[in-house]
Number of protein chains: 2
Amino acid sequence: MVATAESVVEQTTIADRVCVEIQTAIIKGEFPQGSKLNEPMLATRYGISRGPLREALRRLEGLGLVRHVPHAGARVVTLTREELLEIYYVREALEGMAARLAAEMMSQAEITELYALLEVHAEQVKAVAGRAYFQQEGNWDFHYRIVKATRNPQLVQILHGDLYHRVRMYRYQSSQQSARPDKALHEHRRIVDAIAERDGELAELLMRRHIRSARRAIGEQLSAEPLSAAIAGIQELSPHTRSQTTSEVIA
Amino acid sequence: MVATAESVVEQTTIADRVCVEIQTAIIKGEFPQGSKLNEPMLATRYGISRGPLREALRRLEGLGLVRHVPHAGARVVTLTREELLEIYYVREALEGMAARLAAEMMSQAEITELYALLEVHAEQVKAVAGRAYFQQEGNWDFHYRIVKATRNPQLVQILHGDLYHRVRMYRYQSSQQSARPDKALHEHRRIVDAIAERDGELAELLMRRHIRSARRAIGEQLSAEPLSAAIAGIQELSPHTRSQTTSEVIA
DNA sequence: CATTCGGGTATTGTCGACAATCGCCATGGT
DNA sequence: ACCATGGCGATTGTCGACAATACCCGAATG
């Protein structure tokens, strides 16, 4: 029997479904950082038993979104700015390598698509200077394409299977947006140029510089203690409308 | 109440204990790569129920040692040489960054200890040219100290919490050993020199070169199809005494 | 003789209940 | 008034059993 397209119907298990549900809830901040995730409550909330729920929690623990202590239960991780900065060091190293490999591996078609993506971004930057959420997603798309182009599943796994969720959570909750998307766009363009020229060394250098500048932008908004404020604002599940702090944080 | 030393008695749960037991069994090759891990068998083998066992398996899946498909059970991952090479690209990027950060962060005491460690390694290299297992562990110790010195828990987690186990499994089962430990030792020495001089850029360059050469050494032993032979040899739980392939694989 | 269909078996997914442990609060002592 | 201690409630860890699904093998048919 040939493998039909519908034979790949995603065989979903309850634990898996609940896992992504809780995951999005955590990223959206419906479960505040540091809040306790007691099993009976969640089990009744999602209408399942504690068995699959526990597996979902272990999985989330593997994703780094939940921390578990033996007889005290699971809590949503509290992502401090220090941890976010640590992650950005990892991203600098890994995505720098990704850019280098992408310059070697990326197909011409992929490069063309990447340029097209930059055009879309350019329009978004020009058109709506306010609505930066799409911008963020587009930014992630850009970085993801480069990482994917490396043909290195390990790299993809680490960057977009482990780190991605935590960074996304922080971004989502602190509503950290790009204050200077035009600058980021320019940096993106030059990175793609280097890749198109098959200059892996330059691509790595530019990508590292790009992410490094984003890290520095994050590090500079330290005195405003934005995250703890965000946590306090979210604690009661109230929509947080913090003043979006300055920054050119986009990477 | 002050925190006594014995208040840190590791509160261990059955799932945790079985997790490490299975983990070591997988690394040692008692469970061959690709072999099925059916739950009733393992449950009776370790004298526990299927509940904790499933959690242990999910945890091992998070560690990348086990792959799980929804209604077909869990299998030990098959680590191809391609994947190992992919991991070495990640290591090159990450440990290069680690060396750079270590050059900035490492205390003088740590540097002294690192030099002492190199002395021990030098004696081992000189004394027992054959028994390379200790050498491997020592090699890991060296790299771990540098990574730890970065004060970047994310880096430590990825390198020694995720990647470490898989590389160790490959190494253990293919009995890949250092054919030229003296060369590796020399490279180690120069890396520490750079760190001692607080030359992060040089430390990163040297570390990347060090790991890159190890990756190339792995990549060059391709035609000997060593891993599949090792798997075949292990399949029946028989001690595999393959001829240890050439290589200067040490990183 | 190859192929496909069907049933049987084994394994996984899920559930509810019991036991062990932890945190909290009241009570008593110093 | 403060601290230690005991009990109580709640939550986690563990277990056995049931239901659902997938794999395997034999039989029937072209």
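First the proteins, then the strands, lettered A, B, ... as listed; each starts at 1.
An OP1 or OP2 oxygen of D:dG13 is reached within less than 4.0 angstrom by a side-chain nitrogen or oxygen of A:Arg54. For C:dT14, the OP1/OP2 oxygens have a side-chain nitrogen or oxygen of A:Thr13 closer than 4.0 Å.
Residue-to-nucleotide proximity on DNA chain D shows that, of B:Arg50 and B:Glu55, the 5′-proximal contact is made by B:Glu55. For the pair A:Gly47 and A:His71, nearest-nucleotide mapping onto DNA chain C gives the more 5' position to A:Gly47.
Following rounding to the nearest Å, B:Ile14 (CD1) and C:dT21 (P) show an atom-to-atom distance of 10 Å. If you measure from atom CD of B:Glu39 to atom P of C:dT14, you get 11 Å, rounded to the nearest angstrom. Between the CG atom of A:Asn38 and the P atom of D:dG13 there is a distance of 12 Å, rounded to whole Å. If you measure from atom OH of A:Tyr46 to atom C1' of C:dG13, you get 20 Å, rounded to the nearest angstrom. Rounded to whole Å, atom C1' of D:dT12 lies 17 Å from atom CZ of A:Arg67. Nucleotide C:dC22 holds its P atom 13 Å from the NE2 atom of A:His68, rounded to whole Å. C:dT11 atom P lies 13 Å from atom CG of B:Leu53, rounded to whole Å. Atoms CD1 (B:Ile48) and P (D:dC15) sit 7 Å apart, rounded to a whole Å.
Among the nucleotides D:dT14, C:dT11, D:dT11, the one closest to the side chain of B:Lys36 is C:dT11. The listed nucleotides are D:dT14, C:dG13, D:dT12; the one nearest the side chain of B:Pro52 is D:dT14.
Partner of A:Gln23 under the side-chain hydrogen bond (donor to acceptor under 3.5 Å, both in side chains) criterion, chosen from A:Lys28, A:His165, A:Arg59: A:His165.
Counting non-hydrogen atoms under 4.0 angstrom, A:Gly51 reaches nothing in the nucleic acid. At a threshold of 4.0 angstrom between heavy atoms, the contacts of B:Arg75 with the nucleic acid are absent. At the heavy-atom level, A:Arg58 lies under 4.0 Å from the strands shown only through sugar-phosphate atoms.
Judged by distance alone, with hydrogens and angles left aside, the side-chain atoms of B:Glu83 form a donor-acceptor pair with the main-chain N or O of B:Thr80 at under 3.5 Å.
Annotation: A:Tyr164, atom OH; neighbour count of heavy atoms from other residues, nucleotides and ligands within 6.0 Å is above 12. Atom CZ of A:Arg67 has 12 or fewer neighbouring heavy atoms from other residues, nucleotides or ligands inside a 6.0 Å radius.
The two residues A:Pro52 and A:Ile14 make their nearest non-hydrogen contact at CB-CG2, 4.2 Å.
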